[in-house]
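Contents: one structure, followed by commentary.
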Amino acid sequence: MKRAIFPGSFDPFTLGHYDIVLRGLDLFDEIIIGIGRNSTKKETFPIRERLTAIQKIFANEPRIKVVMYDSLTVDFAHEYEAQFILRGIRCMQDFEYERNMAEANKQLGNVETILLYTRPEYAHISSTLVRDLYSYDKDVSAFVPNHLK
Ligand code: ADP
């Protein structure tokens with residue numbers, strides 16, 4: 001059984017995240033989406049709202065579980081007996097960050113990170129962009145999964 005965690009803030013969950021999860025299903029038997037409490041990031045959407053929203057998106061996909069966590073990512077992976085961490089990459093900046101995290105998580109907990117490149121049409125999509133639009137009452141439907149529109 002190949003199990004991966006997909007950790008992130010998902011504040012909010014975007015089409016970019018959605019695409020990484022769907023493609024991850026071709027690689028893993030199960031994916032645990034973990035909404036982390038990140039002390040350095042201020043939250044816009046309450047974490048419980050994010051949890052319910054993402055659970056709704058994947059309600060018909062038994063291979064996906066959505067949970068919250070507030071531990072170290074490797075401890076979260078061990079708790080769910082996941083051998084892999086799934087993450088997405090949009091640009092060089094993401095790459096530098098992900099490489100450091102991947103090395104740390106390998107060393108700390110022997111958990112392997114699998115990185116998927118964003119699809120070009122989603123490369124510009126970020127939670128920050130959606131939050132900005134949302135704060136100005138703009139339509140965000142082009143950037144989030146159907147269920148969140
Ligand atoms: P974090 O705060 O841990 O970076 P995010 O919710 O911002 O969490 O992102 C979770 C993961 O999804 C990260 O690996 C990030 O690079 C990836 N990601 C975010 N947006 C996109 C996108 N548009 N395409 C592909 N991957 C993305």
Side-chain angles (χ1 to χ4, degrees), residues 2-28 30-58 61 63-80 82-109 111-135 138-149:
K2 286 201 179 86
R3 187 178 294 131
I5 56 164
F6 182 44
S9 320
F10 309 121
D11 190 19
F13 198 78
T14 68
L15 272 181
H17 298 132
Y18 185 59
D19 184 55
I20 296 292
V21 174
L22 294 185
R23 289 159 60 200
L25 282 175
D26 288 338
L27 303 172
F28 305 107
E30 279 181 17
I31 298 176
I32 318 288
I33 300 175
I35 312 173
R37 290 179 204 270
N38 187 334
S39 50
T40 62
K41 284 190 177 177
K42 221 177 121 271
E43 65 174 22
T44 298
F45 297 95
I47 192 160
R48 289 203 169 274
E49 265 181 33
R50 276 178 271 159
L51 177 77
T52 320
I54 304 171
Q55 279 172 336
K56 254 190 211 161
I57 294 172
F58 296 107
E61 180 42 84
R63 293 196 292 142
I64 293 180
K65 195 174 171 154
V66 191
V67 300
M68 298 186 281
Y69 76 99
D70 52 16
S71 50
L72 260 185
T73 304
V74 281
D75 292 336
F76 170 50
H78 288 157
E79 187 187 339
Y80 283 89
Q83 311 91 328
F84 302 97
I85 298 173
L86 173 64
R87 296 280 289 178
I89 290 197
R90 286 160 294 186
C91 56
M92 285 304 287
Q93 240 179 332
D94 280 354
F95 173 80
E96 295 284 348
Y97 178 78
E98 296 298 342
R99 187 192 50 188
N100 290 341
M101 291 306 297
E103 274 169 17
N105 288 326
K106 179 73 180 162
Q107 185 177 343
L108 288 169
V111 186
E112 209 66 73
T113 298
I114 306 295
L115 299 171
L116 293 182
Y117 288 104
T118 183
R119 282 210 263 159
E121 61 265 43
Y122 297 147
H124 61 295
I125 300 181
S126 65
S127 296
T128 309
L129 170 72
V130 177
R131 282 200 301 272
D132 284 349
L133 291 171
Y134 190 82
S135 71
K138 298 286 182 198
D139 180 17
V140 298
S141 55
F143 306 108
V144 298
N146 270 332
H147 320 59
L148 300 188
K149 283 175 193 168

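Just so you know, ligand 1 is whichever comes first in the structure, and atom 1 is the first atom listed for that ligand. Values in this document were obtained by computation on a predicted structure and should not be read as measured data.
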Using a 4.5 Å cut-off on heavy atoms from C-beta on, say whether the side chain of Y69 contacts that of I5.
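With C-beta onward as the side chain, the pair stays apart.
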Are Y122 and I20 side-chain neighbours, meaning at least one heavy-atom pair lies under 4.5 Å?
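No, side chains not in contact.
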Using 30° and 60° as the class boundaries, would you call the ring planes of Y18 and F58 parallel, tilted or perpendicular?
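Rings of Y18 and F58: tilted, 30 to 60°.
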Does ligand 1 have any N/O atom under 3.5 Å from a protein N/O, and what are those pairs and their distances?
{"from": "ligand 1", "atom 1": "2 (O)", "to": "S9", "atom 2": "OG", "distance (Å)": "2.6"}
{"from": "ligand 1", "atom 1": "2 (O)", "to": "K41", "atom 2": "NZ", "distance (Å)": "2.5"}
{"from": "ligand 1", "atom 1": "3 (O)", "to": "R87", "atom 2": "NH1", "distance (Å)": "3.0"}
{"from": "ligand 1", "atom 1": "3 (O)", "to": "R87", "atom 2": "NH2", "distance (Å)": "3.3"}
{"from": "ligand 1", "atom 1": "4 (O)", "to": "R87", "atom 2": "NH2", "distance (Å)": "3.4"}
{"from": "ligand 1", "atom 1": "6 (O)", "to": "S9", "atom 2": "N", "distance (Å)": "3.1"}
{"from": "ligand 1", "atom 1": "6 (O)", "to": "F10", "atom 2": "N", "distance (Å)": "2.9"}
{"from": "ligand 1", "atom 1": "6 (O)", "to": "H17", "atom 2": "NE2", "distance (Å)": "3.3"}
{"from": "ligand 1", "atom 1": "8 (O)", "to": "S9", "atom 2": "N", "distance (Å)": "3.1"}
{"from": "ligand 1", "atom 1": "9 (O)", "to": "H17", "atom 2": "NE2", "distance (Å)": "3.3"}
{"from": "ligand 1", "atom 1": "14 (O)", "to": "R87", "atom 2": "NE", "distance (Å)": "3.1"}
{"from": "ligand 1", "atom 1": "14 (O)", "to": "G88", "atom 2": "N", "distance (Å)": "3.0"}
{"from": "ligand 1", "atom 1": "14 (O)", "to": "G88", "atom 2": "O", "distance (Å)": "3.2"}
{"from": "ligand 1", "atom 1": "14 (O)", "to": "E98", "atom 2": "OE2", "distance (Å)": "3.3"}
{"from": "ligand 1", "atom 1": "16 (O)", "to": "G88", "atom 2": "O", "distance (Å)": "2.6"}
{"from": "ligand 1", "atom 1": "20 (N)", "to": "R90", "atom 2": "NH1", "distance (Å)": "3.4"}
{"from": "ligand 1", "atom 1": "23 (N)", "to": "Y122", "atom 2": "O", "distance (Å)": "2.9"}
{"from": "ligand 1", "atom 1": "23 (N)", "to": "I125", "atom 2": "O", "distance (Å)": "2.9"}
{"from": "ligand 1", "atom 1": "24 (N)", "to": "T118", "atom 2": "OG1", "distance (Å)": "2.9"}

Which residues pass the side-chain contact (heavy atoms from CB on, under 4.5 Å) test with L72, not counting sequence neighbours?
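In terms of side-chain contact (heavy atoms from CB on, under 4.5 Å), with neighbours along the sequence ignored, L72 is linked to V74, D75.
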Matching residue for L86 among L115, I31, T113 - test: side-chain contact (heavy atoms from CB on, under 4.5 Å):
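Testing each of L115, I31, T113 against L86, the sole residue satisfying side-chain contact (heavy atoms from CB on, under 4.5 Å) is I31.
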Quick check for you: to the nearest 0.5 Å, what is the distance between R131 atom CZ and T44 atom OG1?
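Taking CZ in R131 and OG1 in T44, the distance rounds to 4.5 Å.
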